[in-house]
Amino acid sequence: MEDMSLSVNGQSRVPPGFRFHPTEEELLHYYLRKKVAYEKIDLDVIRDVDLNKLEPWDIQEKCKIGSTPQNDWYFFSHKDKKYPTGTRTNRATAAGFWKATGRDKVIYTSFKRIGMRKTLVFYKGRAPHGQKSDWIMHEYRLDDHTDNSPQSNASSSVGESTQEEGWVVCRVFKKKNYHKTMDSPKNSSITSDGHTQMFHSTSDGALDQILQYMGRMCKQETEPNNNRNCYNNNFNTNTNYSNISRCLLRPIETNMGNGVYERSMQLPPLDSPTVQTLSGSSQSCYTPGDVPAMATGTEASVTDQSGGGHLNPVYPVEQGISDWATLDRLLASQFNGHGETSRQLASCFNDPNLNFCSTQDQDLPLLPYLRSRSFNPNQDYNSDNDLWNFGRSSSL
Amino acid sequence: MGEDRFNLPPGFRFHPTDEELVVHFLYSKVALLPCHPDIIPDVDLYRYDPWELNGKALSGDNQLYFFSHITQERISPNGYWKHLGVDDPITSASQTVGFKKFLVFYIGEAPVGIKTNWVMHEYHLLDGATTSRSSRRRGKPRIASNEWVLCRVHESNCGDDGIELSCLDEVFLSMDDLDEISLPN
């Protein structure tokens, strides 16, 4: 069959236990360099493939090496431009398309840059409605462009391949299900939980990068005018709201997904020094039952069980509120539970597109508002009126 | 070590599956059959700390392979291997042919040693799989000199070696999902 070059008289030339498992350096420095220089490669281990005509699930048959089981497959591909005038690459197949993810990674060999690696995911269907699959591709291209590095011995053929057109060497594999890593010689791990494994083994450096990235993302999107008016009783427009939701939701949703950052992203509990005095002293403080009543004014509240008819803004202390989340939830439930109030709000909160249906999400939009308030324990409630006016005015 | 003598092109390494390790290598060893390629050396694991194994064991793709005698006392000069209590069966042609034990190296004395990143998979043939019938017939104790295990030792880290997805890649992948949440603008 096709693996003839790897076998002699029907016998595989690859002894048991051996696999084609090249390093990135070998892929770039040995195989791809030879390819672009039209040099002969000893054994035909890496085939040429037309990526646009090959579905990922066909790659394993097309690119198998010998008869031993493989976890990843290698091929050369010639990149075409998507449009004659543009620089984008066409990576669509009959059944789907390859979509780049993350950032390209620089590949070094002993501190010298030799190329770049792009990570792509295969989506079934057509953009933008593709369905993500477990097929991952690492696409390596030669690129030794470094600032002022004297690399005179680099052949001109290497230079050509740095453009968007040209030969690349690719490795395709199926994303590991982290619950089943037993057969992976590389990553065999003891933990069964995917996330635990992934993050426990993460070096601090990687974590830092992630956090930095998230911070940057968040900063970009919160600046500058979204923040202002969105909390100033201006909940009418969806545009404002979606801006907030974007700046708030993105990093936090990611966190919920991964579970790990929840701790680091949690709001500080209210038992910070200033607040301790609040709960420790006999100053005014709201009780959970009172808050809804206070906010809704005269109307009975869904969550209200104790003080339905209170109009007096000053409340006796009974207990402190344990954390921001509690307070938050109260307010959120208030807005939602209150039929008339929330006609506008509900359209925001419950808009399926905004993904605001879970209680956790409902908590989010109010947080910055509350946090921006100084919780001075000595502050009279009357001076805090605007907080509650917010609820009232929207109910009017 | 290992790759050169077969005249294979760059990129070929010793990277066996669990099945190959048990069926091809360990079985041959225990059954005293000739093994091709005969590349996995015998090492008395418990004479060495894991970082001393390089050069003594067969290395392939950051993993160290060697045969060792079965023992219950997995103590080395500076520490001990702790069994994690999990055994995974190794199957071949949908039959269980062996199992592997997971162990982690601790520096110091049990049970208060300091955990390290050194991990060992210890491959065993299934009892009665031709293993040591001869020795048992002769009435020798179970721990006979010809009872071997195959050890694979490596230092685990989430190295971004391009073999798997890096941790960062995983995060980017999960963020792609968020992109797909369409927000009205």
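Below, all heavy atoms of this structure are taken into account, side chains as well, without hydrogens, waters or symmetry copies. In the text below, chain A, chain B and the rest are named by the order of the sequence lines, each starting its count at 1.
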Q: Do B/Pro9 and A/Phe20 have side chains that approach each other closer than 4.5 Å (heavy atoms only, starting at C-beta)?
A: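 No, every pair of side-chain atoms sits at 4.5 Å or beyond.
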Q: Over all heavy atoms of both residues, which pair between A/Glu26 and B/Gly11 is shortest? Give the atoms and the distance, please.
A: OE1-CA, 3.3 Å
Q: Taking all non-hydrogen atoms of both residues, which atom of A/Gly17 and which atom of B/Phe25 are closest, and how far apart?
A: CA-CE1, 4.4 Å
Q: Could you report the tightest heavy-atom contact between B/Pro16 and A/Arg19, atom names first, then the distance?
A: CA-NH1, 4.3 Å
Q: Any chance CD of A/Glu39 has more than 12 other-residue heavy atoms, nucleotides or ligands included, within less than 6.0 Å?
A: yes
Q: Which label fits A/His21 and B/His15: parallel for a plane angle under 30°, tilted from 30 to 60°, or perpendicular past 60°?
A: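 Ring orientation of A/His21 relative to B/His15: parallel.
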Q: If every non-hydrogen atom of B/His36 is compared with every non-hydrogen atom of A/Pro15, which pair is closest and at what distance?
A: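 Taking every non-hydrogen atom into account, NE2-CB, 4.3 Å.
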Q: I'd like to know whether NZ of B/Lys82 has more than 12 heavy-atom contacts from other residues, nucleotides or ligands below 6.0 angstrom.
A: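 Atom NZ in B/Lys82 is not packed in, count stays at 12 or less.
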Q: When you look at CD of B/Glu52, are more than 12 heavy atoms from neighbouring residues, nucleotides or ligands closer to it than 6.0 Å?
A: yes
